[in-house]
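What you see below is based on every heavy atom in this structure, not just the backbone, and it leaves out hydrogens, waters and symmetry mates.
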Amino acid sequence: MATLPNPLPRIAADPTGGTLGLALPAGRLIDTTDDGRWHEPLLWHADAPSAPGDWAAQHDACGAAGLVPVVVEVGGGQGGPEGWELMPADSSYPGDHDPEDVLVGFWEEYAGEGEDWPGLAVPGPVAASADDSATVRVGADALVARLADSLLAAGSSFKEPRLALVPARRSADIPAAIGWSGPANYESDTARLCAVLRSWEDRFGIRVLALTFNQLTLSVAAPPATLAEAEAVAAEHFAFCPDNITQGTHDTLRAYAEHELLASETWSFWWD
């Protein structure tokens, strides 16, 4: 995968991240992959729970350092990221893939016979307006910070959530940057899915909020506001992760759109 220079090795020599303009708590660098140790760290994560506001406090400095924050689960059945069977060698570069081509390929493989690809969903007027793009970006960053605070707090749905930092160009690239293998039974090159995440980042203001061994959670700053818009997005979700519909509680695109997507601040995906 084509990447920018990785700043994480500097944290090995300076655990506080001071030379990068950071003020990190005690943490650890992860370089463990399914094939052994990677040649450089793939991510850093804190050793202890974060306090409210820690994500936002790190956000601007992390961006300047070439790092992107994400919440990771270290207390699941597979443990933390060192036990996730990361496969960075299998990741290409998200920018090398056309998001619609990726979705069309999956759609043609998994949709029913005679069900034509409906095309990419058109974002609502706020997300689509060039004049409001900066507002959406600011709103996306504020939303993911608020949701991250909720996830990192005691009593959240995660057992042991930790703030993590990943060297990546943008939030959408995080899974490919670490070689996340959550969708490995569906797509071995996570960068192809990240190409879709980039498109959603541009159209709907998504951010990669959290990762577990096999689950991806996104924050969504400009979600579909009408059922028609939500149904169009539901088709993309089906192509991206059919299990969300075929193994979910809402087994039609319309029901999924109405109950899972309409005005929702988060999208979650899990591949069997």
Side-chain angles (χ1 to χ4, degrees), residues 1-31 38 40-74 80-82 86 88 93-95 133-154 156 158 160-180 194 197-198 201-202 205-211 216-221 265-266:
M1 175 179 171
T3 61
L4 296 171
N6 186 347
L8 290 180
R10 294 172 63 180
I11 296 177
D14 172 22
T16 68
T19 59
L20 295 171
L22 306 175
L24 299 178
R28 65 187 66 188
L29 293 166
I30 305 298
D31 63 2
W38 195 239
E40 60 185 3
L42 295 166
L43 72 152
W44 170 95
H45 73 72
D47 282 336
S50 298
D54 281 357
W55 176 296
Q58 296 285 2
H59 181 270
D60 290 343
C62 287
L67 298 167
V68 185
V70 65
V71 176
V72 297
E73 171 67 277
V74 304
E82 67 276 4
L86 301 177
Y93 176 55
S133 60
T135 301
V136 172
R137 285 196 300 273
V138 171
D141 291 339
L143 174 63
V144 72
R146 174 169 62 80
L147 295 176
D149 272 355
S150 297
L151 270 184
L152 291 165
S156 78
F158 279 26
E160 296 182 53
R162 297 291 184 266
L163 175 65
L165 303 177
V166 175
R169 282 180 166 83
R170 51 198 288 183
S171 180
D173 291 357
I174 286 174
I178 67 172
W180 185 60
C194 287
L197 296 183
R198 283 185 169 201
E201 197 173 65
D202 294 338
I206 70 97
R207 297 289 186 269
V208 175
L209 168 63
L211 289 170
L216 165 69
T217 302
L218 311 176
S219 63
V220 190
E265 292 184 330
T266 60

Non-hydrogen atoms of Ala210 and Leu151 that approach each other most closely:
CB-CD1, 3.6 Å

Can Leu216 and Trp180 be said to form a side-chain contact (heavy atoms from CB on, under 4.5 Å), step by step?
CA-CA 10 Å; Leu216 165 69; Trp180 185 60; 3.8 Å; yes

Could you check if a side-chain atom of Leu8 sits within less than 4.5 angstrom of a side-chain atom of Glu40, using non-hydrogen atoms only?
no

Under 4.5 Å between any side-chain heavy atoms of Pro88 and Leu42, yes or no?
yes

Can you tell me how far CZ of Arg137 sits from CG of Asp202, rounded to the nearest 0.5 angstrom?
9.5 Å

Would you say the side-chain atoms of Asn6 pair up with the backbone N or O of Pro41, donor to acceptor, closer than 3.5 Å?
yes

Does Leu152 form a side-chain contact (heavy atoms from CB on, under 4.5 Å) with Asp54? I'd like the steps, not just the answer.
CA-CA 9 Å; Leu152 291 165; Asp54 281 357; 5.7 Å; no

Heavy-atom closest pair (Ala172 atom, Pro175 atom, distance to 0.1 Å) is O-CD, 3.6 Å

Examine distances only and state if a side-chain atom of Arg162 and a backbone atom of Asp47 form a donor-acceptor pair shorter than 3.5 Å.
yes

Rounded to the nearest 0.5 Å, what separates atom CD in Glu265 from atom CZ in Arg146?
4.5 Å

Contact between Cys62 and Val68 at the side-chain level, heavy atoms closer than 4.5 Å - yes or no?
no

Do Glu201 and Ile206 make a side-chain contact, defined as non-hydrogen atoms from C-beta onward lying under 4.5 Å apart?
yes

Between CD on residue Glu82 and NE2 on residue His45, distance to nearest 0.5 Å:
5.5 Å

Measuring from Asp173:CG to Leu197:CG, what's the distance to the nearest 0.5 Å?
8.5 Å

Quick one, Ser156 and Ser150 - any side-chain contact, counting heavy atoms below 4.5 Å?
no

Give the C-alpha distance, both sets of side-chain angles, the deciding distance and a yes or no for side-chain contact (heavy atoms from CB on, under 4.5 Å) between Leu67 and Val166.
CA-CA 5 Å; Leu67 298 167; Val166 175; over 6 Å; no

What verdict does the side-chain contact (heavy atoms from CB on, under 4.5 Å) test give for Leu165 and Leu22, after you've listed the backbone C-alpha separation in whole Å, the side-chain angles of each residue and the deciding distance to 0.1 Å?
CA-CA 11 Å; Leu165 303 177; Leu22 306 175; 4.3 Å; yes

Can you see which heavy atom on Arg170 is nearest to which on Arg198, and at what distance?
NH2-O, 3.3 Å

Could you tell me whether a side-chain N or O of Thr217 sits under 3.5 Å from a main-chain N or O of Leu209, the two making a donor and an acceptor?
no

Between Ala164 and Leu43, which heavy-atom pair has the shortest distance, and what is it?
CB-CD1, 4.0 Å

Looking at CG of Leu147 and OG of Ser219, how far apart are the two atoms once the value is rounded to the nearest 0.5 Å?
6.0 Å

Give a yes or no on whether the backbone of Leu211 and the side-chain of Glu73 come within a donor-acceptor separation of less than 3.5 Å.
no

Keeping the roles fixed (side chain from Gln58, backbone from Ala23), state whether a donor-acceptor pair exists under 3.5 Å.
yes

Nearest heavy-atom neighbours spanning Val136 and Ala221:
O-CB, 4.3 Å

What pair of heavy atoms forms the shortest contact from Ala148 to Trp55, and how long is it?
CB-CE3, 3.1 Å

